[in-house]
Amino acid sequence: MWKFASPIRHQIPEAHWPSAEEAAQSQLFKPIRLGPLMLEARTWVPAMVPWRATEDGFVTQANLDWYRRFAAGQPAALVVEATGIRDIPSGPLLRIGHDRFIPGLRKLVDTVREASGGHTKLFIQVIDFLTVKRRPEREKYFERFLRITDRHRKALVENTGDSHWLNADDEELRAFLKEAPDETVYSVLDERELESLRFGYRERVMDTHLSQIRELPEVLPGIFANAAERAREAGFDGVELHYAHAYTMAGFLSALNNRNDRYGGARENRVRLPLEVYSAVRERVGRDYVVGVRFLADEVIEGGNRIADAVYFGVEFAKAGFDFLSISKGGKFEDAQQPKVGQAVYPYTGQSGYECMPTTLSDEIGPFGRNVPLVAAIKRAVNAVGFATPVIATGGITTFEQADGILERGEADIVGLARQALADPDWFLKVKLGRGEQIRRCTYTNYCEALDQAHRQVTCKLWDRVELDEPEIAWADDGRRRLLAPKWKR
Ligand SMILES: Cc1cc2nc3c(=O)[nH]c(=O)nc-3n(C[C@H](O)[C@H](O)[C@H](O)COP(=O)(O)O)c2cc1C
Ligand code: SF4
């Protein structure tokens, strides 16, 4: 895990919980309009992948149980994990790339409606991602993956002073490079090839020499629209287009996107496809359906987007007609740590990953409400051009005062609690009922995130080994952890 040079250990903030009457008077429990529908409060559980779908992307009983558990706490809005829009294998992550996924998703919607007593609106985050391969063994990389070209031959001649490499056959080159010292390899491979060797091959939106990448602007609007139509058919209250973190749409928005067609370079070009995708989705689902977006306030990588870019995108998204703007930060491949051989690079291991899910081992600012000034800047800009599009702040929000203060000061319109809701899905109901002192407080040390990184079923360290004598516990694959938080015994 990435760490600051001189980290400071922060305590989780003390909390003074409101009485039920105080909660009822607070901003937090005031309704808010989200496009065509009303949320009954300003509380939100952002998307969290729990690694519980089938290998081929279907909703499982464990998915239903996971969302039922969140719904029991009655957040005003709950966003279902990043769900793939293509009909391609992607491991145990939910998919919405074909009509065969609709019945399972419909069951999920019904489960949440019933468990929340209709208090929780349900959205689904829809995602596209590009190919990321596992880090190869060195031998395999040189034997099979590297495409030998004349550039390699010339570089070898230069490096060794031996001109026979110009006419040597591929097999001889492969055998030589496989055994060659690192300095030689570094001088012969280009930057992308070295990255493929050290981290695993990874596509970028700028790889326009590949037809499937060049054609993304023609293809993506349609498949996002199909996914949104399926979401509506399954009964979701709306869709959240995933334009954040390390995935395709964030790649288009990124300042690193230097595609030389109309979709790269200047901000106006980088936002073009995200807006075209939005238009296609809107046209398909109609004006009376919630379509929101999650994007980054800051990519937190060298040469990446900063807050000025995010402000520009926020205003463009509001003008286009998105019903909400959910703001995240970081979570990029560019600064991720090198994975072990056989594993894929994980975009939450560098500084940008820290900023996405900040822990208590932090700098002087600490992890709590760390993104709020950036969110407030986006909201101010959106409001200044005459739009009231609700803006959602997430990142280290854990106490009532913090959440309500953000709303009182007008820094955001809705507050998102991800890890705190995982630690205690009943946070929302406990605060509303004046029972805040019973909340299980997240410690922000990212045991859950490490499980996500290892592609293991996500649980929370505060509850996955407690009350194991409860009847009908669902167990994780490792047989040692319960999969759900214990029921709140009021
Ligand atoms: C286990 C886990 C899975 C996550 N999966 C997603 C995801 O699917 N989509 C997304 O936009 N963010 C995802 N996130 C990020 C959260 O939505 C949230 O932005 C982040 O955890 C910071 O908020 P917090 O401090 O309230 O936890 C995930 C976070 C965790 C801990
Ligand atoms: S595992 Fe740790 S960081 Fe994750 S929700 Fe639980 S207490 Fe919070």
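In listed order, ligands and their atoms are each counted from 1. In what follows, residues are counted from 1 in the order of the sequence shown.
- Using a 4.0 Å cut-off between heavy atoms, Arg294 contacts ligand 1 through its side chain alone, with no backbone atom that close.
- Note: Tyr243 and Phe317 meet the aromatic proximity criterion, with ring centroids under 6.0 Å apart.
- Ligand 2 places these atoms under 4.0 Å from at least one heavy atom of Thr443: 2 (Fe), 7 (S), 8 (Fe).
- In summary, the aromatic rings of Phe199 and Phe333 are positioned with their centroids too far apart to meet the 6.0 Å limit.
- Aromatic pair Tyr278/Phe322: centroids less than 6.0 angstrom apart.
- Because the distance cut-off is set at 2.8 Å, Cys448 fails to qualify as a neighbour of atom 6 (Fe) of ligand 2, as none of its N, O or S atoms comes that close.
- Backbone and side-chain nitrogen or oxygen atoms of Glu81 are examined, and none is located within less than 3.5 angstrom of a nitrogen or oxygen of ligand 1.
- Of the N and O atoms on the side chains of Tyr289 and Glu229, not one donor lies less than 3.5 Å from an acceptor on the other residue.
- Residue-ligand proximity, Cys460 to ligand 2, at heavy-atom distances under 4.0 Å covers atoms 1 (S), 5 (S), 6 (Fe), 7 (S).
- Among Ala485, Cys442, Ala418, the residue whose heavy atom lies nearest to atom 8 (Fe) of ligand 2 is Cys442.
- A salt bridge links Asp478 with Arg456: the closest approach of a Lys/Arg side-chain nitrogen to an acidic carboxylate oxygen falls below 4.0 angstrom.
- Residue-environment remark: CD (Glu114) stays at or below the threshold of 12 foreign heavy atoms within 6.0 Å.
- Within the 4.0 Å heavy-atom criterion, the part of Cys356 lying near ligand 1 is the backbone and not the side chain.
- The shortest separation from a heavy atom of Lys329 to ligand 1 is not under 4.0 Å, leaving the residue out of contact.
- The closest non-hydrogen atom to atom 18 (C) of ligand 1, taken over Ala418, Pro358, Ala450, comes from Ala418.
- Short contacts between ligand 2 and Asn446, defined as distances under 4.0 Å to a heavy atom of the residue, involve ligand atoms 3 (S).
- None of Arg9, His10, Gln11 except one satisfies the side chain to side chain donor-acceptor pair (under 3.5 Å) rule with Thr360; the exception is Arg9.
- Contact annotation for Met48 and ligand 1: heavy atoms of both the backbone and the side chain come within less than 4.0 Å of the ligand.
- Residue Tyr447 has at least one heavy-atom neighbour below 4.0 Å for each of these atoms of ligand 2: 1 (S).
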